[in-house]
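To start, the structure under review is shown below, and the notes come after it.
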Amino acid sequence: MRLSAYFLPLLKENPSEAQIVSHRLMLRAGMIRQSAAGIYTWLPLGWRVLQKVTQIVREEQDRAGAIELLMPTLQPAELWRESGRYDVYGKEMLRIRDRHDRDMLYGPTNEELITDIFRNGIKSYRDLPKNLYHIQWKFRDEVRPRFGVMRGREFLMKDAYSFDIDKAAAVASYFRMFAAYMKTFKRMGLTPIPVRADTGPIGGDLSHEFHVQADTGESGLFYDADVVNLDESNIDPTSPDVQAYIANWYAATDEKHDKAEFEARVPPERRREARGIEVGQVFYFGTKYSQPMNAVVAGPDGTPVAVEMGSYGIGVSRLLGAIIEACHDDKGIVWPESVAPFKVGLINLRVSDAGCTKACDDLYARLTQAGIEVLYDDRDQSVGAKFAAMDLIGLPYQFVIGPRGLANKLVEVRTRKTGESKEMPFDAAFNFITGGS
RNA sequence: CGGGGCGUAGCUCAGCCUGGUAGAGCGCUAGCUUUGGGAGCUAGAAGCCGGAGGUUCGAAUCCUCUCGCCCCGACCA
């Protein structure tokens with residue numbers, strides 16, 4: 001993409017409404033623009049990142065056996081009356097009336113809708129287990145939205161719902177998602193810390209919140225180092241030992257932290273303290289919805305059984321804020337490669353120089369053909385402005401071409417994260433980025 | 001929802017107390033000069049001073065109401 005042809009409205013100064021670093025940087029880097037309190041337009045650069053993050057979430061859900069579908073944003077109130085939540089949910093739920101005076105709502109979550117879909121489609125235990133998910137915009141009319149996309153009213157969420165014939169199978173589904181979550185967040189360059197969450201009123205319920213480490217995070221975390229060293233690709237979600245191990249390790253937010261227990265159970269060298277941002281939560285809730293909504297299947301002996309359910313959420317749009325909170329420096333964003341909007345920023349230091357421009361155009365064409373995502377700064381701007389812009393938007397690599405290096409047929413390759421820079425011949429730079437030799 | 005703050009040019013903000021022709025820096029446009037870390041000079045464009053009512057000869061400024069946004073708290077992916 002040529003920057004001259006792109007839409008990237010950068011801000012030199014910090015907008016006064018933004019207090020936290022991710023919000024400021026997203027605004028300044030031209031990723032989002034606020035439309036109303038807690039409601040944002042995703043500008044081209046932000047949209048690209050959102051799609052990258054979405055795709056990683058999707059791939060790991062698919063890999064874990066979940067099946068994607070798409071439910072609507074607007075739901076009939078009727079289903080929520082059936083589950084009993086219509087009157088319970090409160091003002092956070094945006095209620096709408098259509099022209100026929102039917103009560104509708106903009107979905108804050110989808111348990112009712114998915115249970116309805118499920119009960120109409122699955123009648124036998126032989127069709128279980130099932131795990132259905134979608135990635136869809138939600139709306140919760142928060143009293144006080146803040147921190148940009150970290151706590152918006154409209155937000156993109158992945159929510160999955162598992163259906164099993166009995167508790168043992170449901171718990172296995174739960175830990176399968178648990179492992180998928182660890183993998184998902186790690187792929188985004190984050191350090192996930194799964195924290196035991198409230199078990200709720202029904203005894204035996206399971207829930208974990210996933211926090212990702214960020215110095216500016218809102219919750220304090222105390223945990224056993226083993227938690228982050230878990231190799232999720234090797235765990236067997238159906239093994240009771242594994243389940244017990246995960247369910248019992250020590251990891252807590254500051255609200256739940258019990259110093260005495262922490263010190264009793266975790267040896268000093270494994271005790272860790274950090275700050276984090278919550279980006280996901282998993283629940284096992286049994287028949288809480290299947291019972292009232294009559295989501296039953298025929299069991300092996302022919303008698304109807306209410307299915308055992310769990311739900312699994314990831315705050316996809318919030319993740320962008322979390323990633324930036326975890327990955328930035330005083331110059332701007334430092335994208336992990338897996339979610340970067342472009343892999344390379346190509347800077348033409350002197351557009352007026354025919355040699356520079358030719359060299360840039362050629363390299364740009366070559367990289368693009370090789371499938372590398374390149375943002376090519378071909379604008380006629382001062383050098384400092386170009387470097388500052390590129391640092392701000394945080395692409396992992398910068399290729400800098402100017403008259404000085406070009407005299408020796410060299411391009412400068414910089415790594416945003418480390419600040420390292422090295423001059424090399426064009427072929428070497430090309431191979432460096434494409435992984436060729 | 002309780003408490004506080006702010007709405008003036010695209011952005012950051014001054015002006016308001018003490019009413020009298022709407023300002024600065026950055027950005028934007030044009031030209032010239034510059035060119036390896038947010039360039040310089042010159043000339044421009046740009047604002048129903050959030051909205052409505054009121055007081056006054058006269059309101060960005062004073063009064064009333066309203067809308068929006070931000071911060072702290074309670075609440076949440």
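Protein chains get the first letters and strands the later ones, always in sequence-line order, with residue 1 at the start of each. Here the structure is a predicted model, which means the values were calculated and not measured.
- Using cut-offs of 30° and 60° for the angle between ring planes, the A:Phe222 and A:Phe262 rings count as perpendicular.
- Going from atom CE of A:Met93 over to atom C1' of B:C76 covers 15 Å, rounded to whole Å.
- A straight line from CG of A:Leu50 to P of B:A77 spans 19 Å, rounded to a whole angstrom.
- Using cut-offs of 30° and 60° for the angle between ring planes, the A:Phe178 and A:Phe175 rings count as tilted.
- Using P as the reference atom, B:U33 and B:C26 are 22 Å apart when rounded to the nearest Å.
- The minimum heavy-atom distance linking A:Tyr250 with A:Asp258 is given by the pair OH-N, 2.9 Å.
- A donor-acceptor pair under 3.5 Å is absent between the side-chain atoms of A:Lys158 and the main chain of A:Val57, judged by distance alone.
- Across B:C69, B:A77, B:C71, the shortest atom-to-atom separation from the side chain of A:Arg146 is found for B:C71.
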Are any protein N/O atoms closer than 3.5 Å to N/O atoms in nucleotides 44-46 of chain B? If there are, list each pair with its distance.
none

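- Going from atom CG of A:Leu27 over to atom C1' of B:C70 covers 13 Å, rounded to whole Å.
- Look at the C1' atom in both B:A60 and B:G7: the space between them is 11 Å, to the nearest Å.
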Could you pull out the protein-nucleic contacts involving nucleotides 7-13 of chain B (nitrogen or oxygen on both sides, under 3.5 Å)?
from, atom 1, to, atom 2, distance (Å)
B:C11, O2, A:Glu13, OE1, 3.1
B:U12, OP1, A:Ser16, N, 2.6
B:U12, OP1, A:Ser16, OG, 3.3
B:C13, OP2, A:Ser16, OG, 3.4

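- Going from the P atom of B:G27 to that of B:U64 covers 41 Å, rounded to whole Å.
- For the salt bridge (Lys or Arg N to Asp or Glu O under 4.0 Å) with A:Glu337, the qualifying choice from A:Lys417, A:Arg416, A:Lys343 is A:Lys343, the only one to do so.
- When the P atom is compared between B:G58 and B:G2, the two are found 38 Å apart, to the nearest whole Å.
- Between B:A74, B:U35, B:A77, one nucleotide has an atom nearer to the side chain of A:Arg144 than all others, and that is B:A74.
- Counting to the nearest Å, the P atom of B:C70 and the CD1 atom of A:Ile39 are 11 Å from each other.
- Residues A:Lys422 and A:Glu420 are not in side-chain contact: their nearest non-hydrogen atoms beyond the backbone lie 4.5 Å or more apart.
- Atom-to-atom distance recorded for A:Tyr106:OH and A:Ile96:CD1 is 8.5 Å, nearest 0.5 angstrom.
- Atom CZ of A:Arg24 and atom P of B:C70 are 15 Å apart (whole Å).
- Counting non-hydrogen atoms under 4.0 angstrom, A:Val279 reaches the backbone sugars and phosphates but no base.
- A:Ala18 comes within contact range of no nucleotide atom at all, as no heavy-atom separation falls under 4.0 Å.
- Classified by interplanar angle (parallel below 30°, tilted 30° to 60°, perpendicular above 60°), the ring pair A:Trp42/A:Trp137 is tilted.
- Taking atom P on both nucleotides, B:C13 is separated from B:G50 by 15 Å, rounded to a whole Å.
- A salt bridge between A:Lys409 and A:Asp427 is absent, with no side-chain N of the basic residue lying under 4.0 Å from a carboxylate O of the acidic one.
- One N or O on the side chain of A:Arg153 and one on the backbone of A:Ala37 form a donor-acceptor pair closer than 3.5 Å.
- With P as the reference atom, B:C49 and B:G20 are 16 Å apart, rounded to whole Å.
- At a cut-off of 3.5 angstrom, counting only N and O atoms as typed in the model, there is a donor on one side and an acceptor on the other between the side-chain of A:Arg28 and the base of B:G38.
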Where do A:Thr253 and A:Leu221 land on the side chain to side chain contact (heavy atoms under 4.5 Å, CB included) test, with the steps shown first?
-> CA-CA 5 Å; A:Thr253 58; A:Leu221 303 173; 3.9 Å; yes

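- With respect to the salt-bridge test (charged N to carboxylate O, under 4.0 angstrom), the residues A:Glu232 and A:Arg63 do not qualify.
- Rounding to whole angstrom units, CD1 of residue A:Ile347 and C1' of B:U35 are separated by 14 Å.
- A:Arg318 has its CZ atom 8 Å from the C1' atom of B:C76, to the nearest Å.
- Taking only side-chain nitrogens and oxygens, A:Gln281 never comes nearer than 4.0 Å to OP1 or OP2 of B:C76.
- Nucleotide B:A14 forms no Watson-Crick or G-U wobble pair with any nucleotide shown, as no partner meets the under 3.5 Å limit on both distances.
- Taking each heavy atom of A:Phe185 and A:Phe210 in turn, the nearest pair found is CE1-CB, 3.7 Å.
- As judged by a 4.0 angstrom heavy-atom cut-off over every strand, A:Ser352 is placed among the base-contacting residues.
- Contact detail for A:Thr238 and A:Ala172: the closest heavy-atom pair is CG2-CB, 3.9 Å.
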Begin from the C-alpha positions of A:Glu218 and A:Arg146 and carry the test salt bridge (charged side-chain N to carboxylate O under 4.0 Å, His left out) through to its verdict.
-> CA-CA 12 Å; A:Glu218 38 188 349; A:Arg146 62 186 126 167; over 6 Å; no

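- Comparing A:Leu392 and A:Ser35 against RNA chain B, the residue whose closest nucleotide sits nearer the 5' end is A:Leu392.
- For the pair A:Glu154 CD and B:A77 P, the computed distance is 18 Å after rounding to whole Å.
- Pair assignment for B:G73: B:C1, on the basis of Watson-Crick or G-U wobble contacts that are both within less than 3.5 Å.
- Note on A:Gly152: a base of the nucleic acid sits closer than 4.0 angstrom, heavy atoms only.
- The partner of B:G44, taking Watson-Crick or G-U wobble pairs whose two distances both stay under 3.5 Å, is B:C28.
- The stretch residues 375-390 of chain A touches RNA chain B through A:Ser382, A:Val383, A:Gly384, A:Ala385, A:Phe387, A:Ala388, each having a heavy atom under 4.0 angstrom from the strand.
- Counting any heavy atom pair closer than 4.0 Å across all strands shown, A:Lys91 reaches sugar-phosphate atoms only and no base atom.
- A:Gly313 comes within 4.0 angstrom of no nucleic acid atom, judged by non-hydrogen atoms across all strands.
- Using the Watson-Crick or G-U wobble rule with both distances under 3.5 Å, B:U55 pairs with nothing in any strand shown.
- No contact: A:Glu209 has no heavy atom under 4.0 Å from any strand.
- The same atom, C1', is picked in B:G44 and in B:G5; the two are 37 Å apart, to the nearest Å.
- Residue-to-nucleotide proximity on RNA chain B shows that, of A:Ser317 and A:Gly38, the 5′-proximal contact is made by A:Gly38.
- For B:C16 and B:U61, the C1' atoms lie 4 Å apart once the distance is rounded to whole Å.
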